[in-house]
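Read the structure below first, then the notes.
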Amino acid sequence: MLSLGLVFAPLAVWAHAFPDHSEPRVGHSVEAPRSVRIWFDGEIEPVFSTIRVEDGDKRRVDKGDGRVDPRDSTLLEVSVPSLPPGRYHVYWSVIARDGHRTEGSFPFSVR
Ligand SMILES: [Cu+2]
């Protein structure tokens, strides 16, 4: 029979950071976003965490000010200029507090 200690042990080492939700939401269509924000399920390291936004022609369109929110170390954000209608892709890469990197990408559309 498992003790509670054994049951909960895996949670203690589960510290990779994965996206919890984002704004714009994954795959959604929005009007004139001012920024792209991704909330992670754990704290991420400001120095090694990056975010960029590309348009359908793979041109970088964000303002290059990607950062981890100093008041919320689970939030990665970058500003974008007024984006014309189209399809965009967000690329992110973060280091969690346990030193492990996770990365990924997701699309959204501007209508
Ligand atoms: Cu990890």
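Since this is a predicted model, take the numbers as computed values, not measurements. Order of listing sets the numbers, starting from 1, for every ligand and every atom in it.
Residues W92 and F48 do not share a hydrophobic cluster, defined by chaining ILVMFWY side chains whose heavy atoms lie under 4.5 Å apart.
Judged purely by distance below 3.5 Å, without hydrogens or angles, the side chains of S22 and R37 never pair a donor atom with an acceptor atom.
Summary: OD2 is the N/O/S atom of D98 found nearest to the Cu ion (ligand 1). Restricting H100 to its N, O or S atoms, the one at the least distance from the Cu ion (ligand 1) is ND1. Nearest N/O/S atom of H16 relative to the Cu ion (ligand 1): this is ND1.
Aromatic ring orientation, F106 versus F108: tilted (interplanar angle from 30° to 60°).
Take D65 and apply the side-chain contact (heavy atoms from CB on, under 4.5 Å) test, not counting sequence neighbours, and it matches K63, V78, S79.
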